[in-house]
Amino acid sequence: MRLKVVLLGEGRVGKTSILFRYIRNEFQEKQQSTLQASYMDKRIKVGSVDAQLSVWDTAGQERFHALGPIYYRDADGALLVYDITDSESFTKVRKWVKELRKIVGNDINIVIAGNKIDLERNRQVSEAEVLEYAKSVGASHFYTSAKQNLGLEECFNELATKMVAQ
Ligand code: GTP
């Protein structure tokens, strides 16, 4: 079973880093901004189902926003990433949820990742706010750190489970 996942979120929140850590177990402190979307594949098992995830990394900078639909239109699921030290990036998640629901439909599987949890001391986004929001839109929420390799398996497993069940 082939499943397409798209990573969406503001520039610099850590989308590319999440992809590299999850698929290659690599991390770069000076990861450059993505200018062109690309994808990597990973085989995972969801219960008894063999799934091949194609995980698409998109460019987060606002000037690339209009390209979004090219990547998410036929996606089975979206991982919406924000940076816990940047409240603007969480506001952007709300926009993505609205846009995905409007264009792809209400059935799109969404998981929200609060990345850079290793920088908890600089947290700007309150946990209560995030959990309430995630619940209100029926999305799961995980804290992740691409730097310290935290929460990533959980995010992708949850998304894959939702997609397989659909
Ligand atoms: P765009 O390509 O501009 O959309 O950015 P992006 O969302 O792909 O972010 P990227 O992976 O390029 O990471 C941006 C910066 O944040 C890089 O310097 C990363 O090293 C850093 N970074 C990514 N994830 C983490 C994390 O979990 N913790 C910390 N401390 N830094 C991180």
Side-chain angles (χ1 to χ4, degrees), residues 3-42 44 53-101 103-104 108-127 129-131 133-134 137 139-160:
L3 298 167
K4 178 175 173 181
V5 172
V6 62
L7 295 172
L8 296 170
E10 190 166 85
R12 312 307 288 159
V13 296
K15 299 178 295 298
T16 303
S17 302
I18 285 175
L19 182 67
F20 274 55
R21 174 63 87 187
Y22 178 60
I23 293 187
R24 295 193 186 155
N25 200 15
E26 289 171 2
F27 178 79
Q28 292 184 353
E29 291 284 352
K30 294 195 173 137
Q31 184 61 52
Q32 292 189 346
S33 279
T34 301
L35 303 179
Q36 211 172 13
S38 63
Y39 74 96
M40 289 188 204
D41 284 333
K42 178 156 173 134
I44 63 165
L53 292 186
S54 292
V55 187
W56 282 78
D57 180 25
T58 62
Q61 290 171 48
E62 192 51 40
R63 64 193 164 112
F64 297 117
H65 190 97
L67 296 176
I70 296 172
Y71 304 104
Y72 64 62
R73 218 173 19 209
D74 61 345
D76 301 293
L79 183 62
L80 303 189
V81 186
Y82 70 95
D83 170 350
I84 63 148
T85 71
D86 173 5
S87 54
E88 267 299 301
S89 73
F90 182 65
T91 305
K92 193 78 193 272
V93 166
R94 297 174 186 263
K95 290 189 184 151
W96 277 117
V97 170
K98 281 197 188 129
E99 182 172 330
L100 285 171
R101 292 217 159 139
I103 298 179
V104 187
I108 175 101
N109 296 298
I110 294 174
V111 168
I112 301 172
N115 192 41
K116 307 194 187 179
I117 194 64
D118 56 287
L119 301 177
E120 171 109 54
R121 62 190 181 281
N122 301 329
R123 178 196 275 273
Q124 273 189 9
V125 184
S126 97
E127 174 156 77
E129 183 190 2
V130 167
L131 296 184
Y133 174 72
V137 295
S140 315
H141 174 271
F142 294 89
Y143 288 118
T144 60
S145 169
K147 183 169 180 170
Q148 295 185 341
N149 198 8
L150 301 171
L152 299 178
E153 298 280 336
E154 289 83 349
C155 266
F156 285 100
N157 285 342
E158 168 74 7
L159 199 49

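Whatever order the structure lists ligands and atoms in, that order sets their numbers, starting from 1. Treat the numbers as computed from the prediction; the structure is a model and nothing was measured.
- L80 places none of its side-chain heavy atoms less than 4.5 Å from the side chain of R94.
- The contact shell of ligand 1, taken as protein residues with any non-hydrogen atom closer than 4.0 angstrom, comprises E10, G11, R12, V13, G14, K15, T16, S17, F27, Q28, E29, Q31, Q32, S33, T34, A59, G60, N115, K116, D118, L119, S145, A146, K147.
- With respect to the salt-bridge test (charged N to carboxylate O, under 4.0 angstrom), the residues D83 and R12 do not qualify.
- The aromatic rings of W96 and H65 lie parallel to each other, with less than 30° between the two planes, well short of the 60° mark.
- Between F90 and Y82, the two ring planes are perpendicular [angle over 60°; tilted spans 30° to 60°].
- Annotation: Q36, atom CD; neighbour count of heavy atoms from other residues, nucleotides and ligands within 6.0 Å does not exceed 12.
- Residue Y39 places its OH atom among 12 or fewer non-hydrogen atoms of other residues, nucleotides or ligands, all under 6.0 Å distant.
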